[in-house]
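Quick notes on the structure that follows.
Protein chains get the first letters and strands the later ones, always in sequence-line order, with residue 1 at the start of each.
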Protein chains: 2
Amino acid sequence: MDASWEVARELGLNQLTLRDVAARVGMQAPSLYTHFDSKLAIYDAMFAQAWADYEETLPGLDATLPADNPREAAYLIGRHFYDYAAGDLPRHQLMNQRIIPGFEPTADSYAPSLRVFEHARVQICALGDVDDDHFDLFVVLIAGLINQHHANDPDGTRYAQLLRRALAMWSDSVGLPSTPAPRSSSSRKAPSR
Amino acid sequence: MDASWEVARELGLNQLTLRDVAARVGMQAPSLYTHFDSKLAIYDAMFAQAWADYEETLPGLDATLPADNPREAAYLIGRHFYDYAAGDLPRHQLMNQRIIPGFEPTADSYAPSLRVFEHARVQICALGDVDDDHFDLFVVLIAGLINQHHANDPDGTRYAQLLRRALAMWSDSVGLPSTPAPRSSSSRKAPSR
DNA sequence: GTCTATAGTTTGATAGAC
DNA sequence: GTCTATCAAACTATAGAC
């Protein structure tokens, strides 16, 4: 698996070949068929690994989310996924796009992806008065920033810096307060900006 | 060129082959080399054509933009590009992503793309108090919606419907008024929503 | 489990006749 | 400009020895 990711990063996700992967672990190409049924099975294992690896980072993220600052929490959640996907083009292409002809993840490989999304949906909706469209817009914003990063500024931080402003805009549209709610008095308050 | 687009739409942009293109116009594959230097030259011509075709639609769009309603104008501009890119996956992939190994548009082919972007930038910035980050966010939103459409709902209208809400959010963040400014009195007014 | 050998296919591109 | 013929290379996958 490590060798597969290396080849994908060096030559591109579509340019992955059994020979290259095998050579990188000191084997011949046909020997890989002892471990994978086909080339697409390798892509499938990579897909599952990418989402499972991300899922494993979530407890660490959740521990850092401030319970009393939904606006900052939204930023940290978005930033977490952005960093994961913007830092690795072939991984992002495999996780979030469909550029491998004939590849469709198996149900088992798809499961971690579904869990991650449901976790995020619940988490985002708990931040405030968030409906399904708001959540979709949240995803659209993050995915859009990741795509523009890879397309226009793959080695820079242009879109990472835009992320803060993008999520401020989103938080405004949802009406998230920027600071903790006052201790006891009436809960109605206006956004600060 | 028409045959190339047909093959790309039926088999996928990456699955374009000289044999398929040639067969579709009743020729043999080698004969294409009279008209194109290489396979990448065909992609280059397709890239140029996609952006040039879009550029030609702009006068028609501009004629419909209401001069006294910047919020609606922003929506129409975004919607126009969304419709163009969401309606044709291989065209969108060629225009806005980098999934063809080794392909990089020539300077001549890239020129229409640059003109379109500069036209949009000037137009969007003229709507109100829009800075460069605002314009980047506008592009991120449209591109994000297009990508999510192709990834999650390629045959539906889920993200086309989100577009209105997305651009309302964006217009709010810029501070665009939703209705024409009052005739003569003080220009300060609050957004309606 | 790994190897060698190879089948079987597809592809982009070139040579040269017409 | 188009054709036939073909090259040269690359790839996935299988067969069968060890």
* Starting at OH of B/Tyr33 and ending at P of D/dT4, how long is that distance when rounded to a whole Å? -> 17 Å

* Structure fact -> The residue, A/Arg19 or A/Gly26, whose nearest nucleotide of DNA chain C is more 5′ is A/Gly26

* To do: Under 4.0 Å between any heavy atoms, over every strand shown, what does B/Thr34 touch: base, sugar-phosphate, or nothing? Just pick one.
  => base

* Asked: From the list C/dG1, D/dT14, D/dG1, which nucleotide is the closest neighbour of the side chain of A/His35?
  -> C/dG1

* To do: Looking at every strand, decide which applies to B/Leu16 at a 4.0 Å heavy-atom threshold: base, sugar-phosphate, or nothing.
  => sugar-phosphate

* Which nucleotide sits closest to the side chain of A/Gln28: C/dT14, D/dT12, C/dC3? -> C/dC3

* Protein-nucleotide distance (B/Leu18, atom CG; C/dA13, atom C1'), rounded to Å -> 8 Å

* Nearest-Å distance, CD1 (A/Ile100) to P (D/dT12)? -> 11 Å

* **Atom pair distance, as rounded to whole Å: CZ in B/Phe36 and P in C/dG12** => 14 Å

* To do: List the steps, then state whether side chain to side chain donor-acceptor pair (under 3.5 Å) holds for B/Gln93 with B/Asn14.
  => CA-CA 10 Å; B/Gln93 291 175 322; B/Asn14 265 308; over 6 Å; no

* Residues B/Asp132 and A/Arg158 bridged, charged N to O under 4.0 Å -> no

* Asked: Rounded to whole angstroms, how far apart are CD on A/Gln15 and C1' on D/dC11?
  -> 12 Å

* Structure fact -> Atom CG of A/Asn14 and atom P of C/dT10 are separated, to the nearest Å, by 19 Å

* Residue-phosphate contact under 4.0 Å: B/Ser31 side-chain N/O, D/dC3 OP1/OP2 -> yes

* Asked: In terms of ring plane angle, is the pair A/His150 and A/His92 parallel, tilted or perpendicular, where the classes change at 30° and 60°?
  -> parallel

* **Listed nucleotide nearest any side-chain atom of A/Thr17, set C/dT14, C/dG1, D/dC11** => D/dC11

* Structure fact -> Which of D/dT14, C/dA15, D/dC11 is nearest the side chain of A/Lys39? It is D/dC11

* Using the benzene-type ring in the case of Trp, are the ring centres of B/Phe81 and B/Tyr54 under 6.0 Å apart? -> yes

* Asked: Is the closest basic N to carboxylate O distance between B/Asp131 and A/Arg165 below 4.0 Å?
  -> yes

* Just how far, in rounded Å, is P of C/dT11 from CG of B/Leu40? -> 16 Å

* **Nearest-angstrom distance from the residue atom CZ of B/Phe103 to C1' of C/dG12** => 17 Å

